Asks: 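I have a structure here, written as structure tokens, and I will follow up with some questions on it.
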Amino acid sequence: MRPNPSIAPDRTAGGVGGVETLDADAASDIALTTSPEVVAATLGDVVRGWWVRVRSGESGVLPVLGGLVAIVVIFQVSNSLFLSAGNIVNLLIQAVVFMMFSVGEVFVLLLGEIDLSVVYVSGIGAGLTAALVAPPFNLTWWLAILAGLAGTTIVGFIQGTLITRLGLPSFIVTLGGFIGWEGVMLWMFDHLQIATGGVIEISNNILNDLVNGTLTPAASWIVMIVAVGLFAGLNVFRDANRKSRGLVAPPWGLTGLKIAAVAVAGVALVLICDVNRGSHGGHVTGVPWAIPIVLVVVALATFVLGRTRFGRYIYAIGGNAEAARRAGINLTWIRTAAFAITGLMAGVGGIMYLSWLGSISTGIDSNYVLYSVAAAVIGGTSLFGGRGKPVHAVLGSLVIAAIANGLGLLGMGAAATDMVTALVLVSAVTVDSVARRGSAVRGAARR
Amino acid sequence: MPQGLLERGQPLLELRGVEKHFGPVRALSGIDLTITAGEVTALCGDNGAGKSVTIKTISGIHGPDAGQILWRGRPVAINTPRDSAALGIATVYQDLALCDNLDIVQNMFLGRERTKVRTLDEAPMEMAARKTLADLNVTTVRSIRQPVSSLSGGQRQSVAVARAVLWNSQLMILDEPTAALGVAQTSMVLQLVRRLAEQGYGVMLVSHNLNDVFEVADRVAVLRLGRLVAQGPVTDYDRQSVVELMTTGTVASRGGYGVPAVGGPEEN
């Protein structure tokens with residue numbers, strides 16, 4: 001007979017014994033490493049766990065939210081026009097193109113890759129759309145948009161194929177894309193009849209309205225109420241379902257707070273947009289179309305990353321590609337598809353850019369690509385893969401747009417904007433890196 | 001007991017005369033190894049004895065050059081990792097192959113997520129993961145929704161093993177599961193190994209830590225220079241004899257153990 005091994009249950013080194021044996025140290029240890037919603041039973045637990053994490057540098061979207069508030073306060077103190085209704089709407093519109101590029105960038109950043117080509121890819125897409133609605137093609141606006149998006153998606157697919165099938169570094173392939181697609185764009189604009197001097201003007205009202213058009217105040221309220229209602233309904237339904245099955249679910253207080261925050265933001269947005277922001281006696285009110293468009297795109301991206309196998313695999317590959325491979329995941333396909341999505345988002349951003357300016361030119365600002373990567377990183381997306389969400393890209397884009405907008409109001413030019421944006425970017429990466437080092441040390445100690 | 005498992009002590013996997021060459025190097029010669037259901041078989045051997053090659057042969061990373069493999073008494077061909085996984089053999093390597101940024105449920109279902117209308121169906125996955133962990137008595141994790149990066153080494157090992165159980169494996173090959181762990185973590189993993197065997201799974205524990213071997217193993221097999229020099233019930237051996245078998249291939253210094261030497265001590 002083999003003697004039965006006497007093994008004491010592990011209640012020491014792991015630090016995570018049964019719930020009843022938890023002491024304060026163990027509790028704070030868990031709070032450090034786990035999202036507070038996951039282990040908290042009440043709103044108080046959430047706040048306590050969150051505070052422990054903040055003190056230890058693991059604060060999620062907190063730095064970017066804090067940074068955004070600080071930037072808003074500084075600019076508002078310097079120039080009271082900053083928080084005027086007209087300027088807030090203006091700022092949101094300025095952020096739209098960043099947001100679209102940046103959400104696309106999140107898909108490849110999550111894999112630990114990068115796409116440097118988005119600006120000129122977007123230029124090709126926007127050029128295609130603008131040319132197709134004009135003579136001699138005269139396509140319907142939505143067909144032209146689809147064609148433009150298809151074009152940029154194919155470009156992303158080609159780059160992704162080169163990167164994954166040939167094992168080339170994405171930095172180099174998309175740097176090549178940055179150079180090469182500009183060439184293609186120049187060639188295209190040289191050969192299109194509609195382009196004059198490297199510029200294609202929009203000849204279609206709907207394309208123009210994507211960013212510049214506004215919903216009527218009544219429609220604004222309806223859209224806002226429907227959106228908030230959907231958000232609230234989905235959250236309540238999911239949490240109630242999980243609670244009834246005894247699964248991990250956040251406390252009701254947290255769900256309620258989230259919904260309340262979204263509702264307040266929605267009401268504030270519509271109220272701000274309903275203030276007349278027309279200048280020189282003009283009358284402009286209502287929510288710009290761009291805002292619901294952005295909300296839908298970001299919601300779709302969040303859904304794809306959070307609720308589908310494809311999204312799960314993107315996180316898995318970014319976290320541990322070898323583990324993903326052993327789990328039978330087709331790395332080549334997922335990676336290629338991620339680059340295609342970045343291409344698609346480049347197209348969406350390009351069409352928003354086209355609509356915003358009313359034209360697309362070969363002189364499109366190439367800084368957009370670096371700003372879009374910066375926006376994702378400022379928002380909390382890791383450059384090393386595996387960590388990040390579309391909402392990070394949105395918040396980071398708001399920061400970048402606020403800096404440009406605020407410094408513009410103060411009469412400072414591109415020089416100041418570039419320098420301040422650089423400082424914000426480097427501080428954001430510093431916060432990320434310090435938090436990462438802190439958690440690595442704790443992780444090593446735990447093992 | 002989970003369905004489809006063999007009775008305790010029945011041969012689950014048998015290697016018969018398995019050979020493996022790498023060019024002129026004979027990595028394995030004439031290996032006759034039996035792994036039984038419901039028991040822990042420890043595979044011991046010094047560095048370079050052929051432990052890794054044996055694991056890789058069983059898990060299909062490289063197919064055998066000669067010999068036969070029987071699974072539940074039937075001859076089978078294992079030439080790719082897919083073949084081995086399809087039979088129900090799970091290999092938990094030292095590096096564990098977990099994604100640090102995903103939570104426990106996500107890791108356990110990675111590659112086999114359940115979906116409803118093409119959307120991840122989290123509730124049944126979470127319930128199945130929780131049940132598997134509870135069956136294995138892995139109760140030290142605070143929440144199965146915490147990311148794997150927040151787990152201790154022993155807990156990570158538990159998650160990797162639970163993942164294999166969840167995927168209907170019948171034989172778990174654990175490659176040096178305690179090598180990187182402290183005392184408490186090691187005892188947690190060994191406890192898990194015992195529980196696997198008690199539930200009817202076959203366990204092959206690859207280790208050169210003899211403390212672990214004598215704490216949990218029911219059977220011992222000793223490899224030396226690509227040959228299996230001994231195998232049998234753990235009660236037939238003690239530390240001294242296993243060390244001698246690992247280093248010299250024979251128990252010359254102390255007779256009377258009745259060591260059922262397989263392959264035979266041909267040297268000395």
Side-chain angles (χ1 to χ4, degrees), chain A residues 1-19 22 26 29-30 32-35 37-39 238 241-242 245-248 303 306-309 311-313 315-329 382 385-387 439-440 442-443 446-447, chain B residues 81-82 85 93 95-103 105-107 109-113 115 118-120 122-123 126-127 130 137 139-156 163 180-185 187-191 194 214-218 233-235:
Chain A
M1 281 290 287
R2 196 185 48 77
N4 205 28
S6 60
I7 298 167
D10 171 36
R11 293 211 188 277
T12 47
V16 204
V19 178
L22 276 174
D29 190 38
I30 291 161
L32 285 178
T33 53
T34 310
S35 172
E37 304 90 78
V38 167
V39 291
R238 193 180 67 216
N241 190 16
R242 296 182 65 83
R245 300 211 215 181
L247 300 176
V248 176
F303 173 81
R307 301 255 172 264
T308 67
R309 282 189 170 187
R312 178 67 44 86
Y313 295 166
Y315 283 101
I317 294 170
N320 184 345
E322 176 59 18
R325 194 185 63 75
R326 285 195 199 162
I329 294 168
S382 169
R387 228 151 38 93
S439 65
R442 278 193 303 280
R446 213 174 299 118
R447 236 149 264 157
Chain B
R82 207 171 282 267
Y93 290 100
D95 58 4
L96 299 177
L98 296 175
C99 294
D100 272 358
N101 57 336
L102 299 185
D103 68 32
V105 182
Q106 292 170 344
N107 265 291
F109 275 92
L110 189 61
R112 303 193 188 184
E113 291 81 1
T115 55
R118 303 182 65 79
T119 308
L120 292 174
E122 297 285 352
E126 188 170 326
M127 288 191 283
R130 173 172 296 176
N137 242 339
T139 53
T140 60
V141 292
R142 175 81 188 268
S143 163
I144 60 174
R145 282 297 178 187
Q146 69 190 93
V148 162
S149 60
S150 69
L151 299 180
S152 70
Q155 290 170 333
R156 294 163 67 90
R163 179 164 189 254
L181 302 183
V183 176
Q185 300 286 314
S187 78
M188 170 182 165
V189 169
L190 294 181
Q191 203 181 11
R194 266 322 308 160
F214 281 93
E215 197 155 338
V216 295
D218 300 291
V234 74
T235 43

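Letters A, B, ... mirror the listed sequences (proteins, then strands); counts begin at 1. For clarity, every value in this text was computed on a predicted model and none was experimentally measured.
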Asks: Is a salt bridge present between A:Arg238 and B:Glu122, judged by a nitrogen-to-oxygen distance below 4.0 Å?
Replies: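 The answer is no: the pair does not qualify as a salt bridge.
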Asks: Main chain of A:Gly319, side chain of B:Asp100: is a donor-acceptor contact present, judged purely on distance under 3.5 Å?
Replies: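 Flag not set: sc B:Asp100 to bb A:Gly319 has no pair under 3.5 Å.
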Asks: What do the steps show when you test A:Arg312 against B:Leu102 for side-chain contact (heavy atoms from CB on, under 4.5 Å), and what is the final call?
Replies: CA-CA 9 Å; A:Arg312 178 67 44 86; B:Leu102 299 185; 4.2 Å; yes
Asks: Output the distance between atom CG (A:Leu247) and atom CZ (B:Arg145), rounded to the nearest 0.5 Å.
Replies: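 With rounding to 0.5 Å, CG (A:Leu247) is 8.0 Å from CZ (B:Arg145).
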Asks: Using heavy-atom distances under 4.5 Å, tell me whether B:Arg112 contacts chain A through its side chain, its backbone, both, or neither.
Replies: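 Interface part for B:Arg112: backbone (N, CA, C, O).
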Asks: Does any non-hydrogen side-chain atom of B:Tyr93 lie less than 4.5 Å from one of A:Arg326?
Replies: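 With C-beta onward as the side chain, the pair touches.
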Asks: With distance as the sole criterion, is a donor-acceptor pair present between the side chains of A:Tyr313 and B:Glu113 under 3.5 Å?
Replies: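 Yes, B:Glu113 and A:Tyr313 have a side-chain donor paired with an acceptor closer than 3.5 Å.
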Asks: Report which part of A:Arg307 has an atom under 4.5 Å of a heavy atom belonging to chain B: side chain, backbone, both, or neither.
Replies: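 Looking at A:Arg307, backbone and side chain both touch chain B.
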Asks: Can you tell me which portion of A:Ile329 sits under 4.5 Å from chain B's heavy atoms? Options are side chain, backbone, both or neither.
Replies: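 When you check distances to chain B, only side chain atoms of A:Ile329 fall under 4.5 Å.
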Asks: Would you check, one step at a time, whether the test side-chain contact (heavy atoms from CB on, under 4.5 Å) holds for B:Arg118 with A:Thr308?
Replies: CA-CA 7 Å; B:Arg118 303 182 65 79; A:Thr308 67; over 6 Å; no
Asks: When you measure from the side chain of B:Asn101 to the backbone N and O of A:Arg387, does any donor-acceptor pair fall under 3.5 Å?
Replies: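 Side chain of B:Asn101 to backbone of A:Arg387: no pair is present.
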Asks: So, for A:Gly246 and B:Arg130, which heavy atoms are closest and what is the spacing to 0.1 Å?
Replies: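 Nearest heavy atoms, A:Gly246 then B:Arg130: O-NH1, 2.7 Å.
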Asks: Just so I understand: if I count every heavy-atom pair under 4.5 Å between each of A:Glu322, A:Arg309, A:Arg325 and chain B, which residue has the most?
Replies: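 When all of A:Glu322, A:Arg309, A:Arg325 are compared, A:Arg309 has the most.
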Asks: Check A:Ala323 against B:Leu110 and note the closest heavy-atom contact, atom names and distance.
Replies: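 Shortest heavy-atom separation between A:Ala323 and B:Leu110 comes out as O-CD2, 4.3 Å.
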